[in-house]
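Please read the structure below before turning to the comments.
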Amino acid sequence: MRFPPPNRSIGLPAVDPPPASPAPWRQQDPDEPEASAPPRRQGHFDAFSAPDQAVRKPPTAPDQPAWKPPAAPDQAAWKPSAAPGPEPAAWKPPAGPPDLGQTGWTPAGPEPAVPERAVPERAPGSAVPGSAVPERAAAERAIPERAAAERAVSERQANGARPAGQNPEPPASPAPRPDQVVFPPPDQEAFPGSTSSESLRPDRLLRTRRRPPVGGWRRAVFQLTGGLIRPPDSKAERRRQELIERIRQPVAQGHFRVAVMSLKGGVGKTTTTIGLGSTLAHQRGDRVIAVDANPDRGTLSEKLRLESPATVRHLLNDRGGIWRYADVRSYTSQAPSRLEVLASDRDPAISEAFNADDYRAVAQILEQFYSIAITDCGTGMLHSAMTAILDMADQIVLVSPVTVDGARSASATLDWLQAHGHQDLARDAVVVLSAVKNPRRNAVNVEELKGHFSKRCRAVIGVPFDPHLEQGSEVDLDLLRTDTRDTYLEVGATIADRFGRRADP
């Protein structure tokens with residue numbers, strides 16, 4: 001396309017060539033003054049346009065003021081739109097301490113006279129509103145006052161200020177004042193969202209902290225889900241855990257002696273000794289020993305695998321060289337449950353019986369290295385060793401079969417104990433009914449027996465019949481039935497209830 005030459009006849013200036021490409025766009029700084037644009041020169045297209053047509057400009061809103069940059073920091077504050085009337089003055093902050101009831105700004109005008117407010121009397125240690133004293137300091141100053149008030153209440157109660165026959169009430173703590181800061185107890189967090197080292201507990205951090213179930217479908221579900229689902233323990237399991245906690249009580253007086261006795265032989269006395277001792281040794285972490293104090297040939301050593309041929313007589317003969325636990329351990333045999341057994345004499349050539357002095361000497365040695373000693377007594381009540389056993393015993397266990405003559409013998413043993421100055425041992429005795437069979441197959445009324453002995457003793461427990469115990473060989477807790485193991489746990493927990501009792505000074 002060719003452009004016509006400029007018209008020189010009308011005296012218009014020549015049209016300049018097309019301008020160069022515009023400079024890149026740049027945002028203008030509000031503080032930078034606008035550069036004055038050079039005057040536009042009228043070109044060829046302006047000459048051929050209409051005489052009264054102005055240069056095209058972008059449409060603007062009618063009567064819209066041009067945009068202005070925001071005011072600088074030192075610019076005057078914004079003022080509300082002027083209303084008809086006199087122009088209001090600028091807002092002024094109120095003088096004096098802040099008033100909670102005053103909000104917003106007030107127009108200029110004559111300031112009203114402020115009446116003097118009466119300052120109320122405050123208690124010593126209270127904080128003044130609006131003052132710079134922290135509220136915590138005020139609360140700390142109020143602590144001695146509170147202690148003095150509690151001390152005064154305690155003195156009035158000690159002096160008999162309350163009427164006779166009334167129980168003294170604990171002093172009520174005074175209600176906190178509105179300006180007093182109430183601090184939380186030490187076991188609570190000061191701020192609900194705050195954390196401390198006490199929050200890092202094992203039950204929160206360890207995912208495998210939960211103990212798996214013992215057995216049954218609960219253990220199967222726990223293993224199949226990888227420990228994510230743990231069904232709650234059964235009632236029997238909770239009962240079992242409670243008995244174990246009772247067994248694990250510490251022995252307050254350092255050494256505890258239990259005497260297992262019966263007036264009649266062949267009733268399960270030795271079996272009860274080994275079952276009770278194995279249960280205590282298996283559940284506890286300290287040392288437990290069973291001593292065969294039968295003056296005749298005892299059978300306690302036949303209930304476990306012997307590790308040493310030594311007997312109680314060898315221990316007495318070598319007692320002058322015993323200083324450590326390892327020295328005593330060479331005379332005993334240990335069962336899989338960690339129960340140690342000190343056997344009795346089995347040599348038929350020995351004519352000297354195990355007497356009271358021998359038992360006292362053995363008891364003095366064992367109390368230095370063992371926490372619990374269980375004595376398997378003989379069948380008689382009049383032999384020499386029984387006197388020392390009863391004098392040194394802390395608890396007796398009376399074994400009785402579920403028969404008429406066996407029950408009479410056990411009741412006669414209690415009569416003998418009460419008649420010979422052992423009333424406390426008789427009242428605190430634990431009666432064990434051995435080899436209790438199914439009530440349908442047993443002609444003896446077991447409940448009647450329990451009712452008779454419960455009136456005379458502290459507890460009566462029946463050990464159910466177990467085929468493993470009927471064999472008369474080595475006793476292993478793992479081969480017992482669940483009911484039998486739970487019964488021995490109950491016997492051990494009943495005896496352990498006396499572990500916390502201290503000897504009389």
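Computed from a predicted structure; not experimentally measured.
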Going through the distances and angles, do V463 and T484 end up as a side-chain contact (heavy atoms from CB on, under 4.5 Å)?
CA-CA 6 Å; V463 178; T484 308; 4.3 Å; yes

Is there a donor in the side chain of [X] and an acceptor in the side chain of [Y], or the other way round, less than 3.5 Å apart?
| X | Y | value |
| --- | --- | --- |
| Y370 | D286 | no |
| S384 | N355 | no |
| N294 | S344 | no |
| E237 | Q241 | yes |
| Y359 | T387 | no |
| R458 | Q395 | yes |
| H282 | T279 | no |
| E340 | T332 | yes |

Please give me the minimum heavy-atom distance between [X] and [Y], naming the atom from each residue.
| X | Y | value |
| --- | --- | --- |
| F453 | A407 | CZ-O, 3.6 Å |
| V436 | V402 | CG2-CG2, 3.6 Å |
| A410 | L398 | O-CD2, 3.3 Å |
| R481 | D466 | N-OD2, 2.9 Å |
| R218 | D233 | NE-C, 4.2 Å |
| V460 | S454 | CG2-N, 3.5 Å |

Please examine the side chains of [Y] and [X], heavy atoms only from C-beta on, and report whether any two atoms are closer than 4.5 Å.
| X | Y | answer |
| --- | --- | --- |
| K450 | I461 | no |
| R360 | D391 | yes |
| R456 | Q418 | yes |
| V341 | I289 | no |
| F369 | I322 | yes |
| V432 | T487 | no |
| V397 | V258 | yes |
| E490 | I495 | no |

What distance separates [X] [atom1] from [Y] [atom2], expressed to the nearest 0.5 Å?
| X | Y | atom1 | atom2 | answer |
| --- | --- | --- | --- | --- |
| I229 | L224 | CD1 | CG | 9.5 Å |
| L280 | Y488 | CG | OH | 12.0 Å |
| S330 | L315 | OG | CG | 8.5 Å |
| R329 | R287 | CZ | CZ | 10.5 Å |
| L339 | S278 | CG | OG | 4.5 Å |
| D292 | T299 | CG | OG1 | 7.0 Å |

Test item: [X] side-chain N/O and [Y] main-chain N/O as donor-acceptor pair under 3.5 Å:
| X | Y | value |
| --- | --- | --- |
| Q249 | R246 | yes |
| S400 | G406 | yes |
| S333 | E307 | yes |
| R257 | I374 | no |
| D327 | W323 | yes |
| K264 | T379 | no |
| T375 | C377 | no |
| N317 | R313 | yes |
| H420 | L417 | no |

Presence of salt bridge, [Y] and [X], under 4.0 angstrom:
| X | Y | value |
| --- | --- | --- |
| D476 | K303 | no |
| R408 | D405 | no |
| D394 | R498 | no |
| R485 | D478 | no |

Report, as yes or no, whether the 6.0 Å neighbourhood of atom CZ on R319 holds more than 12 heavy atoms from other residues, nucleotides or ligands.
no

Given Y331 and D318, is the side-chain contact (heavy atoms from CB on, under 4.5 Å) satisfied, shown in steps?
CA-CA 10 Å; Y331 296 91; D318 302 338; 2.8 Å; yes

Set out, in order, the CA-CA distance, both residues' side-chain angles and the distance that settles side-chain contact (heavy atoms from CB on, under 4.5 Å) for H452 and S411, then state yes or no.
CA-CA 9 Å; H452 170 76; S411 183; 3.3 Å; yes

